[in-house]
Amino acid sequence: MIDAALLRDNLEAVRTAVTNRGADLSRELDELVRLENERRRVLPELEGLKRDQNAAGDEVGKAKREGRDTSALQEASKARAQQVKQLGVELEAIEQARAQGLLAIPNIPHSGVPIGKSAADNVEVRRVGTPKTFDFTPQAHWDLGPALGIIDFERGTKIAGARFTVLVGAGARLARALINFMLDLHTRQHGYLEIEPPFMANSASMTGTGNLPKFEADLFKISGEWDLYMIPTAEVPLTNMHRGEILDGRELPIRYTAYTPCFRSEAGSYGADVRGLIRQHQFDKVELMVFTTAQESHNELERLTGNAEQVLQKLGLPYRTMLLCTGDMGFASAKTYDIEVWLPSQGVYREISSCSNTEAFQARRAQIRYRPDGTGKPEFAHTLNGSGLAVGRTLIAILENYQQADGSVVVPEALRPFMGGQEVITGR
RNA sequence: GGAGAGAUGGCCGAGUGGUCGAUGGCGGCGGUCUUGAAAACCGCAGUACCAGAAAUGGUACCGGGGGUUCGAAUCCCUCUCUCUCCGCCA
């Protein structure tokens, strides 16, 4: 949620930001400004009435104690009580519309973010590792995996439906090894605290991160009398760890990491991008999450992105890091780096991590604050999140980058301790 | 799933219709005393919104929502959560 004061004091900045994102919300913004003015007309009037009402109530109390007759006083108050009630209803309607309107406005992009319309306008900030050249035609993971008997697409579909997959044998173990490898790296070397959160979250949590109300269609909702959704990312439970809390500024930054499965319905997506393990309804991810101060948050974004990149470096996978333009960023983000891993079968870099600084956007929605130095006025925290990394896509990248002419796959050295020393994955 | 008991400020815990935003204790901050510390004593301390340049003033908040009343932490309804016992289960 953006700061309502910004709407009042610098409407044009908000308009520009929204336009740069490629969204047309001018009507919504006009309506919000109107509601804001309405609110500030009605609120003082109502508060004045309540003040009189409180004074009158005290008067009655005093009169009663002195044994005087109070019926005249009470008659007058009765009429005003009606007025208060009516005006209260009016204000309630205004505030509700205002709150809803605010929730629909995306975050303001950071000044360092390039203005652009689509992924084509993203800026490459660095490229690490050299794509390996093969003396044979590298296969895609959707051919390699089934041939090795470690990915079973058909049975995933039988059990659950399209875009569900079964990992088998070394495939399942590889996923587990990757999870352990990533968690160990982030907890032991990068200073994150490991968390195992619920894999479902309620609507208050989903609203806090910005998944609700706007993106309900992307979520799996539990049916029946449950206010529960499957989490689309560990960002949801991790951010909501401190929802409604006032943190001690001296304890910042707080850094969490968690492995969770992620569930996304993504009703809208289709096409060549979704083949194989690339886009699934359920996938594993190790997430990185930071709570910090406004002063430090952009430094933390660089750090967090670097932590995610470390995974690829240690696995020896070539990648590039992209700074997303205004038109390609997520709703809640002020600045985002995407990390893209090299996939030789397609000859492209493919997103494997997204690292975002949402600044105070989520904190404002979720009421996450801190007192600098432990005392004084609470300020909104800044929250950051990033994948460190998406496990399924990392598994794909390993299969494709480490494949050999005979269809076997070499296990990256860093992963072997997590694979019981196994060096090569061969067919059964 | 069944029965019962609860939910009050950072924490503990009073308060059952009228100066209660809320007694008291602990913890926190500032001070007195002390060479320093402790103890003791004194004082200050919640959050949000509105008006204001500010000082300050106002309104709301005693788990959430609704109701009764001139007036609700206190009475009524409802929801959520916690605890105890039973049942069921990993």
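Order of the sequence lines sets the chain letters (A, B, ...), proteins ahead of strands, with each chain counted from 1.
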(request) With the side chain of A/I246 defined as its heavy atoms from C-beta on, choose the nearest nucleotide among B/U59, B/U47, B/C50. (result) B/U47
(request) Return yes if some donor-acceptor pair links the side-chain N/O of A/T358 with the main-chain N/O of A/T383 below 3.5 Å, else return no. (result) yes
(message) Between B/U59 and B/A73, how far apart are the two P atoms, rounded to whole Å?
(response) 14 Å
(message) Tell me the interatomic distance from A/R98, atom CZ, to B/C50, atom P, rounded to whole angstroms.
(response) 7 Å
(request) Report the base-pairing partner of B/U19 (Watson-Crick or G-U wobble, both distances below 3.5 angstrom), or none. (result) none
(message) Quick check on the 6.0 Å ring-centre criterion: do A/Y370 and A/H382 meet it?
(response) no
(message) As a quick check of understanding, evaluate side-chain hydrogen bond (donor to acceptor under 3.5 Å, both in side chains) for A/R163 and A/Q280, giving each step before the final call.
(response) CA-CA 5 Å; A/R163 287 202 240 155; A/Q280 298 275 293; over 6 Å; no
(message) From CD of A/Q367 over to C1' of B/U47, roughly how many Å is that when rounded to an integer?
(response) 10 Å
(message) Looking at B/C89, which nucleotide sits across from it as a Watson-Crick or G-U wobble partner, both distances under 3.5 angstrom, or is there none?
(response) none
(message) I need the CZ-P distance between A/R371 and B/G10, as an integer number of Å.
(response) 8 Å
(request) Let me see the working for A/N107 and A/S333 under side-chain hydrogen bond (donor to acceptor under 3.5 Å, both in side chains), right down to the final yes or no. (result) CA-CA 6 Å; A/N107 201 358; A/S333 180; over 6 Å; no
(message) Strictly by Watson-Crick or wobble contacts shorter than 3.5 Å, is anything paired with B/A73, and which nucleotide is it?
(response) none
(request) Provide the Watson-Crick or G-U wobble partner of B/A48, both distances under 3.5 Å; none if there is no partner. (result) B/U59
(request) Could you tell me which nucleotide pairs with B/U68 by Watson-Crick or G-U wobble geometry, both distances under 3.5 Å, or answer none if nothing does? (result) none
(message) Please report the distance, rounded to the nearest Å, between CZ in A/R51 and C1' in B/G57.
(response) 7 Å
(request) Using only side-chain N and O atoms of A/R40, determine if any of them is under 4.0 Å from OP1 or OP2 of B/G52. (result) no
(request) To the nearest Å, give me how far apart OH (A/Y370) and C1' (B/U47) are. (result) 17 Å
(message) Can you tell me if A/R8 touches the phosphate of B/C50, counting only side-chain N or O atoms and a distance under 4.0 Å to OP1 or OP2?
(response) yes
(request) Identify whether any heavy atom of A/R369 sits under 4.0 Å from a base atom; if not, whether one sits that close to sugar-phosphate; answer base, sugar-phosphate or nothing. (result) sugar-phosphate
(message) Test your reading of the model: is there a side-chain donor-acceptor pair from A/H281 to the backbone of A/R264, 3.5 Å cut-off?
(response) yes
(message) I'd like the P distance from B/C62 over to B/A72, given in whole Å.
(response) 11 Å
(request) Could you state the atom-to-atom distance from CE of A/M1 to C1' of B/C49 in whole Å? (result) 13 Å
(request) Treat primed atoms plus P, OP1 and OP2 as sugar-phosphate and everything else as base, then score nucleotides 60-73 of chain B 5' to 3': B for base contact with protein heavy atoms under 4.0 Å, S for sugar-phosphate contact only, - for none. (result) S-------S-BS--
(message) Looking at A/R8, I'd like to know if its CZ atom is crowded, meaning that more than 12 non-hydrogen atoms belonging to other residues, nucleotides or ligands lie closer than 6.0 Å.
(response) yes
(message) Please report the distance separating the P of B/G4 from the corresponding atom of B/C77, rounded so that it comes out in whole Å.
(response) 14 Å
(request) Quote, to the nearest angstrom, the C1' distance that separates B/U82 from B/G71. (result) 32 Å
(request) For A/R80, report the nucleic acid contact type (base, sugar-phosphate, nothing); a contact means any heavy atom under 4.0 Å. (result) nothing
(request) Take atom CZ of A/R41 and atom C1' of B/C49, then tell me their distance rounded to the nearest Å. (result) 18 Å
(message) By the definition side-chain contact (heavy atoms from CB on, under 4.5 Å), identify the one residue from A/V18, A/T16, A/L6 that meets it with A/I108.
(response) A/L6
(request) Would you mind reading off the distance between A/E47 atom CD and B/A51 atom C1', rounded to a whole angstrom? (result) 9 Å
(message) Ring centres under 6.0 Å, that's the criterion: do A/F361 and A/F331 meet it?
(response) yes
(message) Need to verify one output field. Residue with the more 5' nearest nucleotide on RNA chain B, A/G48 or A/K62?
(response) A/K62
(message) For B/U82, give the paired nucleotide (Watson-Crick: N1-N3 plus N6-O4 or O6-N4; G-U: N1-O2 and O6-N3; both under 3.5 Å), or none.
(response) B/A5
(message) Pairing check on B/G27: which nucleotide meets the Watson-Crick or G-U wobble criteria with it, both distances under 3.5 Å?
(response) none
(message) Using the ring centroid of each side chain, check whether A/Y256 and A/Y192 are separated by less than 6.0 Å.
(response) no
(message) Pairing check on B/A40: which nucleotide meets the Watson-Crick or G-U wobble criteria with it, both distances under 3.5 Å?
(response) B/U32
